[in-house]
Protein chains: 2
Amino acid sequence: MKSQLKRGTLELCVLSILWRGDCYGYEIVNRISDCMQITEGTVYPLLKRLKDNMLIDSYIVESQEGPPRKYYTITDMGRTVKEEQEAEWTSFSTAINKLLKGD
Amino acid sequence: MKSQLKRGTLELCVLSILWRGDCYGYEIVNRISDCMQITEGTVYPLLKRLKDNMLIDSYIVESQEGPPRKYYTITDMGRTVKEEQEAEWTSFSTAINKLLKGD
DNA sequence: CATAGTACCTTGCGATACAAAGTACTTTGT
DNA sequence: ACAAAGTACTTTGTATCGCAAGGTACTATG
């Protein structure tokens, strides 16, 4: 899959996953990679960006099965942005499909 | 609309328009901007890239209503790539919609 | 003869997906 | 005891490409 296609949608994917409940980074990577090819080098910097923009927050939880996990939770601002981006995605993909079919 | 969303799809949009018949650059800009916000500064460099990759070809036609027009035509290679990219787009948008709905 | 519309092109910037490399912990097999 | 595999996080650098901004040049209209 062309990496360019993912641009702009991965942020929405992460917000959408966190919308349904808190997750730690590695788990988010695995959930998204069920649907498309993705690596940690993409997701971790994205999580940092989202946190810097205060769309998500994080907390550490110790784990018995490995290193401590950093859980992420969506903020109210994140929920608002998620809904905006979801609407944008819908209208965008509709526009593309219209163009592909020939107006 | 977020500019990042368009990444990777504009190329397919142009190929898809040319699939249905030759067009000149300015016309392509106008057709795409019926569906989404786009400027010449995006499309002309893209047309150059597509031509460099031999997915499209071009020829000049004089015009009575202004400067000469550079018409673009899709090549056989362009047609192949267009079909590949269209399939990619379909599977990609399906994957995103699945992720947004929560697997 | 100025303005608007048509039509082309280029430069530079910003955003971001990803490869690659590194750290550190636990479990399992030998 | 120790290597290997799996879990989990992080950082650095590179490549791509959408777009703003600027430019050229032609025709038609008031």
Side-chain angles (χ1 to χ4, degrees), chain A residues 1-15 22-33 35-53 55-56 58-72 81 85 88-89 92 95-96 99, chain B residues 1-15 22-33 35-53 55-56 58-72 85 88 92 95-96 99:
Chain A
M1 174 178 308
K2 293 244 305 267
S3 79
Q4 299 295 334
L5 275 183
K6 297 170 204 157
R7 296 220 172 210
T9 57
L10 285 181
E11 195 174 314
L12 172 57
C13 289
V14 168
L15 290 176
D22 296 1
C23 281
Y24 54 99
Y26 195 75
E27 194 183 0
I28 295 172
V29 175
N30 286 333
R31 282 218 213 166
I32 298 181
S33 57
C35 294
M36 69 189 81
Q37 211 246 305
I38 198 88
T39 67
E40 293 165 297
T42 301
V43 178
Y44 285 119
L46 169 58
L47 287 167
K48 190 176 183 320
R49 278 202 305 278
L50 290 172
K51 192 179 177 187
D52 288 346
N53 295 332
L55 304 183
I56 62 176
S58 68
Y59 54 92
I60 302 289
V61 176
E62 293 298 322
S63 165
Q64 289 88 342
E65 313 149 36
R69 294 164 173 172
K70 188 187 265 188
Y71 275 81
Y72 292 92
V81 169
Q85 289 195 0
E88 257 175 24
W89 162 254
F92 172 74
I96 294 291
L99 234 162
Chain B
M1 173 178 308
K2 292 243 306 267
S3 78
Q4 297 296 332
L5 271 184
K6 296 170 203 159
R7 293 229 174 199
T9 57
L10 286 181
E11 195 175 313
L12 172 57
C13 289
V14 168
L15 291 176
D22 296 1
C23 282
Y24 55 98
Y26 195 75
E27 193 183 0
I28 295 172
V29 174
N30 287 333
R31 282 218 212 164
I32 298 181
S33 57
C35 293
M36 70 189 80
Q37 211 247 306
I38 198 88
T39 67
E40 295 165 298
T42 301
V43 177
Y44 286 119
L46 169 58
L47 287 168
K48 191 176 182 322
R49 278 201 306 277
L50 290 172
K51 192 178 177 188
D52 289 346
N53 295 333
L55 303 184
I56 63 177
S58 68
Y59 53 93
I60 303 290
V61 175
E62 293 298 323
S63 165
Q64 289 89 339
E65 314 151 36
R69 295 164 172 171
K70 190 187 263 187
Y71 275 82
Y72 291 92
Q85 289 194 0
E88 258 174 24
F92 173 74
I96 295 292
L99 234 162

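Order of the sequence lines sets the chain letters (A, B, ...), proteins ahead of strands, with each chain counted from 1. For the numbers below, each heavy atom of this structure counts, side chains included, while hydrogens, waters and symmetry mates do not.
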Please state whether the phosphate of [N], meaning OP1 or OP2, lies under 4.0 angstrom from any side-chain nitrogen or oxygen of [X].
| X | N | value |
| --- | --- | --- |
| A:T39 | C:dA19 | yes |
| A:T42 | C:dA17 | no |
| B:Y26 | C:dC8 | no |

Excluding sequence neighbours, so at least two apart, what forms ring pair (Phe, Tyr, Trp, His ring centres under 6.0 Å) with B:Y71?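 Once residues adjacent in sequence are excluded, the partners of B:Y71 under the ring pair (Phe, Tyr, Trp, His ring centres under 6.0 Å) criterion are B:Y24, B:Y59.
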Side chains of A:Y72 and A:D22 in contact at under 4.5 Å (non-hydrogen atoms):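 Of all side-chain heavy-atom pairs linking A:D22 with A:Y72, none is under 4.5 Å.
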Determine whether A:E11 and A:L55 make a side-chain contact, defined as any pair of heavy atoms from C-beta on separated by less than 4.5 Å.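 A side-chain contact exists here, since the closest heavy-atom pair is under 4.5 Å.
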Excluding sequence neighbours, so at least two apart, what forms side-chain hydrogen bond (donor to acceptor under 3.5 Å, both in side chains) with [X]?
| X | result |
| --- | --- |
| A:S33 | none |
| A:T39 | none |
| B:E40 | none |

Nearest whole Å is fine: how far is [N] [atom2] from [X] [atom1]?
| X | N | atom1 | atom2 | answer |
| --- | --- | --- | --- | --- |
| B:Y71 | C:dA7 | OH | C1' | 11 Å |
| B:Q37 | D:dC19 | CD | P | 7 Å |
| A:L5 | D:dC17 | CG | P | 11 Å |
| B:N30 | C:dC8 | CG | C1' | 13 Å |
| B:K51 | C:dC9 | NZ | C1' | 14 Å |
| B:R49 | D:dC17 | CZ | P | 5 Å |
| B:K70 | D:dC26 | NZ | P | 17 Å |
| B:L47 | C:dC8 | CG | C1' | 11 Å |

Could one point to a donor on the side chain of B:R7 or the base of D:dT16 with an acceptor on the other under 3.5 Å away?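 Looking at the base of D:dT16, it does pair with a donor or acceptor on the side chain of B:R7 (distance under 3.5 Å).
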How would you label the contact of [X] with the nucleic acid (heavy atoms, under 4.0 Å): base, sugar-phosphate, or nothing?
| X | value |
| --- | --- |
| A:L46 | nothing |
| B:G41 | base |
| B:I38 | sugar-phosphate |

Taking the side chain of B:R69 as heavy atoms from C-beta outward, which of C:dA15, C:dT6, C:dC18 is closest to it?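 For the B:R69 side chain, the nearest candidate turns out to be C:dT6.
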Any donor-acceptor pair under 3.5 Å from A:K6 side chain to A:M36 backbone: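 Between the backbone of A:M36 and the side chain of A:K6 there is no qualifying donor-acceptor contact (under 3.5 Å).
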Mind jotting down which residue pairs meet the salt bridge (Lys or Arg N to Asp or Glu O under 4.0 Å) criterion with at least one end in residues 59-69 of chain A? Sequence neighbours excluded, please.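 For residues 59-69 of chain A, and leaving out neighbouring residues, the salt bridge (Lys or Arg N to Asp or Glu O under 4.0 Å) pairs sorted by first residue read A:E65-A:R69.
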Please enumerate all protein N or O atoms sitting under 3.5 Å from an N or O of nucleotides 21-28 of chain C, with distances to 0.1 Å.
| unit_1 | atom_1 | unit_2 | atom_2 | d |
| --- | --- | --- | --- | --- |
| C:dT26 | O3' | A:Q64 | O | 3.0 |
| C:dT27 | OP1 | A:Q64 | O | 3.4 |

Could you tell me which nucleotide pairs with C:dT30 by Watson-Crick or G-U wobble geometry, both distances under 3.5 Å, or answer none if nothing does?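 With both distances under 3.5 Å, C:dT30 matches D:dA1.
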Taking for each residue the nucleotide of DNA chain D bearing the nearest heavy atom, is the 5' side occupied by B:V43 or by A:E27?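 First, find each residue's nearest nucleotide; the 5'-ward one identifies A:E27.
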B:K48 or A:T9: which one's nearest nucleotide on DNA chain C is closer to the 5' end?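 The residue closer to the strand's 5' end, by nearest nucleotide, is B:K48.
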